[in-house]
Amino acid sequence: MEYFVQQLINGVTLGSIYGLIAIGYTMVYGIIGMINFAHGDVFMIGAFIALISLLILGSLGLTFIPLALLIVLIVSMLMASVYGWTVERVAYRPLRGSFRLAPLISAIGMSIFLQNYVQIAQGARVKPIQPVVNGGIVVMESPSFIVTLSYMQILIVLTTLVLMAGFSYLIARTALGRQQRACEQDRRMASLLGINVDRTISLTFVMGAALAAVAGMMFVLYYGVIDFFIGFLAGVKAFTAAVLGGIGSMPGAMLGGLLIGLIETFWSAYFSIEYKDVAAFSILVLVLIFLPTGLLGKPEIEKV
Amino acid sequence: MIGIFDDPRIATGAVSKDAPLLQVEHLTMRFGGLLAINDVSFSAAKREITAIIGPNGAGKTTVFNCLTGFYKPTTGRLTLNREGTLFYLERMEDFRISQEAHVARTFQNIRLFPAMSVLENLVVAQHNALMRASAFTFAGLFGLKRYRTAERDAVERARYWLERINLVDRADWNAGNLPYGDQRRLEIARAMCTDPVLLCLDEPAAGLNPRESLELNELLRFIRDEHGIGVLLIEHDMSVVMEISDHVIVLDYGRKIADGAPEAVRSDPTVIKAYLGEEEDEELPPEIAADLEKKTGGEA
Amino acid sequence: MAAGNVRTAEGALDLPAILKDCLMSALVVFALAAPIIGLRTIDTPGGLGIDYRFDDVALAVLAGFVGRLLVNIYWAYGGRRRPPAKVDAIKGDSFASFMKKVGLYGGPVAILFAVAMPAMPFADRYVLDVAILVLTYIMLGWGLNIVVGLAGLLDLGYVAFYAVGAYSYALIATYFGWSFWVCLPLAGVFACFFGIILGFPVLRLRGDYLAIVTLGFGEIIRVVLLNWYEFTGGPNGVSGIPRPSFFGLNFARIAPEGEQTFHQFFGLEFSSVHRIIFLYYLILALALITNFVTLRLRKLPIGRAWEALREDEIACRSLGINPTNTKLTAFAIGAMFGGFAGSFFATRQGFISPESFTFIESAVILAIVVLGGMGSQIGVVIAAIFLIGGTEVFRELEQYRMLAFGGAMVLIMVWKPRGLLAHREPTLKLPPTAKAEAKPLAGAGGAA
């Protein structure tokens, strides 16, 4: 029982991180109907920026942790946004309206480029840091097992919830959100009605990148070690989460992220840690075959 | 590879020679809460052109999609009689409807293979016959005579239709580069290359100029008279409908409101009210018209 | 950054706008470079530290400014922003018409050159090795071209079939000791079988979903190979894979008892290059078989159905083409050639491990197909020489290789979204003998 609760806590934490990345996939897929293959790498870059800013703040002697974390959060969101914007501008915008495989190939190229760029600029070795947020609460206790909920886990889940609420508000209530939804439905009509479609799409990438950067920061703080290759696996799993939740749906992405996080954690805990990636990929395959619209996605009627 | 997927649910058996080519009984199609077709029954005969008309959104294309297997009807029976063999179309997958029941169709938004040549479009339509002739690729791979003959026949059949639609000189063009009217006719020719017993045409005259429209009438008459097949036609262009159809069915809001000879339908009061009387509806209510005028006047 | 506004309404160069544009790019480059390039994390005794490298950032910013300036100059003088698509498709620009000629006449020349290559003076061991590598990718590209280029199915896990081929060959050859010529077809059959098993459930999915599912399958196979120690040797892989023999004559310096080696049989001086040359011709032959089968299939009903499916699946269904079976044949045949290439890879290396079958390999093969021009056989050759040979030449700059590779993928896509060689020849033309009376067709009203 205690072991189960502990895994539940770990799974929800991991799921929050996947969910944050998945939102980026789902928003971009919703608006331009392509898999932003480089999104996982933007997440990785976000993690690096968070790591670097933490180190700098540390060397500057900033010891008040909450303030440091807030600064790191803002810096990584901003910097990663520039990456998200540039990726869209360079690799996708020129290909808008081109034949359907072109943007995907360009996205794969972008992903390879970003990975190697970071590898060259930052070195191929793993980057470990000391834990920044320590301690936690003991939730349950038995002679053989102690269930702890660390402050870091609380921080991750809370941040995710706040950001989710904020972005949901943004999409549902603001002019930007309306423009986004309009572009999702019919890009040409939206532009005829005076919506700057290019700008809206850019902003979608920026928002996705910012959320991915938050996920990256959480990843650094939670695992304490990153390298240039973390983007690929995390990206594929987050995409799985987006598909599982129903691509194009924000709550779906979050739900899918949670489910993938839980499944992966429980699989590692109860079956085999080696095959945890197989579990995630198998779910992806099964969902797409049996539930192609995902859990919260809208069914689509084939237009003939 | 084919045997495994044989569909056992196709009824075979001799039926009377006068049984209609297509019998639609109580067809209903529901999308979620929307009732797109509501209990529609009609029949179509061979050597006849049957037109389905009705205002936009009346469910005409949905009827076609049910007939050709792109939608599974909610309820209803669609029986096709091909040489005394009955096919229940509602139970068949889309590609089998063309392959076995020999129902061919065209699309409202033309669906050619744009990067393939005109001739290739027509040869692809003869895929199933050619696959058999090529012994599912093996005979073809080794260039056996049997396959070469079959391919020559396929090209000749394509040429026959190219002559019909006046595209012989453009046979090697990419289909996507043809003018619009030619694309429409090519799509009909391509459907005819599948050797159908029933040809379903979804707005074939849409976007054609008057001359092309006349050519289309002639082509459809030729298909009916020389090939003896049934033609089902969705059309808005009344000049086409009244000119060539033998039988007209009128749908409105998913229901059949009239069924009969063109002259009879033309004078049917329900039809005039629902369909031909549509023009009256297009006039704006006076208050909105006044409002609009004020607005445009104000801006100018 | 409204790109392309390099001239004012009067047609004069709009210098302030250009300057602003360039400064903007420099600013963006600064924002990109400052954290990642400018602040390098380094290992110090007390944990991670930061190494400040602002000179590199300055270089990057300068490069961004100059690069954007060059783009602007290109736009201002003679450059078009975007070719008018419709006209381009019909007439083709000068580059396209050149590539069209390459596509039509390049094939025989390339084959002649490839056959004669080992006899040429510059063909030393290194050149042959690179040529073998390039040919392996050409073969993989041709195999994948059936799936992606002809049938239009985006397969991001093609490397899985390469891996299945390599492992089946390696395991059969090491466990049973069967010869290359027995194992090769078996490996192809296994890969083909895998293609059918994987393809059957997923081929109904639409484009992007198919891509991600195939990626998933590719990774599943790699993870299984990595973790199934008893069978695959896990991360250690399989070593001691038998080398191929020349119809029973092997290429060793000293023959095993009772056998002859290649050089003894032909009375040649022993040279290790013999084996390399043999491998070269082996992969050349395998690749050419792939090519000829593909070219042949393309002109058959099945090949035309593949292309038709790529163009419009709904229309195909309305014409009675079974989409699942048709896609499945493309998937299976593509997988089979991948399997052949895999077994060649295993026998050439003598050692395989899961590391050789990562997603990057799939991406590279896909890039070759798409950059070459989907469906174009000669395009695959050009792209493989360019991408594999090109990056191989810059081996010394090892770490920049994949960077350039990714960058090239983006740039070529932006420049030529349909690939370098986008021209397509029809698979059959209307013969001019129009005089023969069109056969009277059995109208459907008469006979079936």
Side-chain angles (χ1 to χ4, degrees), chain A residues 29 33-35 45 48-49 51-53 55-56 59 79 82-83 86 89-91 94-95 98-106 108-123 125 127-130 232 236 239-240 243 274-275 277-278 281-282 284-285 288-289 292 302 304, chain C residues 1 28 31-37 39-43 47-50 56 82 148 152 154 156 201-202 204-209 211-213 215-217 219-220 223-224 226-227 314 359-360 363 366-367 370-371 374 399-403 405-414 417-418:
Chain A
Y29 197 95
M34 68 163 282
I35 301 173
I45 285 178
F48 265 91
I49 294 171
L51 173 78
I52 291 166
S53 24
L55 290 174
I56 290 179
S59 68
M79 294 288 191
V82 181
Y83 273 90
T86 312
R89 187 70 185 78
V90 171
L95 292 173
S98 175
F99 94 121
R100 67 191 170 90
L101 289 186
L104 193 76
I105 300 296
S106 159
I108 293 173
M110 201 38 140
S111 163
I112 296 176
F113 181 87
L114 287 179
Q115 254 175 45
N116 286 280
Y117 161 71
V118 173
Q119 186 189 1
I120 293 167
Q122 294 289 333
R125 300 180 48 177
K127 308 284 176 187
I129 55 161
Q130 299 292 322
F232 176 65
V236 174
F239 181 77
T240 306
V243 171
E274 289 90 6
Y275 286 104
D277 296 341
V278 172
F281 288 124
S282 308
L284 173 70
V285 174
L288 281 177
I289 294 170
E302 191 172 33
V304 181
Chain C
M1 279 177 68
V28 172
L32 293 175
I36 298 290
I37 297 179
L39 309 165
R40 184 189 170 103
T41 49
I42 45 162
D43 293 312
L48 276 185
I50 296 277
D56 289 354
R82 197 157 298 168
V148 180
L154 188 50
L156 290 183
V202 303
R204 288 161 201 273
L205 299 173
R206 53 164 220 261
D208 294 0
Y209 281 5
I212 209 85
V213 167
L215 186 153
F217 271 133
E219 284 298 295
I220 288 175
V223 174
V224 169
L226 198 58
N227 289 301
I314 286 176
F359 167 70
I360 288 290
L366 183 69
V370 178
L371 299 184
M374 299 231 309
Q399 56 170 346
Y400 293 100
R401 216 172 123 233
M402 289 312 284
L403 185 80
F405 187 87
M409 268 170 89
V410 176
L411 289 181
I412 298 181
M413 270 297 106
V414 171
R418 282 215 167 246

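Order of the sequence lines fixes the chain letters, A, B, ..., with proteins taken first and strands second; residue numbering starts at 1 for each chain.
Only the side chain of A:L51 comes within contact range of chain C, with heavy atoms under 4.5 Å apart. Heavy atoms of C:L215 lying under 4.5 Å from chain A belong exclusively to its side chain. Of the two parts of A:S282, the backbone and the side chain both hold a non-hydrogen atom closer than 4.5 Å to a non-hydrogen atom of chain C. Both the backbone and the side chain of C:L403 come within less than 4.5 Å of a heavy atom of chain A. When heavy atoms are compared at a cutoff of 4.5 Å, A:V82 approaches chain C by way of both its backbone and its side chain. Contact annotation for A:P103: neither backbone nor side-chain heavy atoms come within less than 4.5 Å of a heavy atom of chain C. Of the atoms belonging to C:L411, not a single heavy atom falls under 4.5 Å from chain A. Of the two parts of A:I35, the backbone and the side chain both hold a non-hydrogen atom closer than 4.5 Å to a non-hydrogen atom of chain C. For chain C, the nearby parts of A:Y83 are the backbone and the side chain; heavy atoms of each come within less than 4.5 Å. Contacts of C:V370 with chain A are made by side-chain atoms alone, with heavy-atom separations under 4.5 Å and no backbone atom involved. Looking at C:L226, neither its backbone nor its side chain comes within 4.5 Å of chain A, counting heavy atoms on both sides. Interface remark: C:D56 contributes no atoms to any contact with chain A (heavy atom separation under 4.5 Å). With a 4.5 Å cut-off on non-hydrogen atoms, A:M79 touches chain C through its side chain but not through its backbone.
Among C:I42, C:V213, C:L154, C:I220, the residue with the largest count of heavy-atom pairs under 4.5 Å with chain A is C:I220.
Between the side chain of A:Q122 and the backbone N or O of A:Y117 there is no donor-acceptor pair closer than 3.5 Å.
Here the side chains of C:L156 and A:I108 are in contact, with some heavy-atom distance below 4.5 Å. Between A:Y29 and A:V243, the closest side-chain pair of non-hydrogen atoms is not below 4.5 Å. Contact of the A:N116 side chain with the C:Y400 side chain is not registered, since no non-hydrogen atoms from C-beta on lie closer than 4.5 Å. C:M409 is not listed as a side-chain neighbour of A:F113, based on a closest heavy-atom distance of 4.5 Å or more.
Taking CG of A:D277 as the start and CD of C:E219 as the end, the distance is 8.0 Å to the nearest 0.5 Å.
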Does C:V28 form a side chain to side chain contact (heavy atoms under 4.5 Å, CB included) with C:L32? I'd like the steps, not just the answer. CA-CA 6 Å; C:V28 172; C:L32 293 175; 4.1 Å; yes
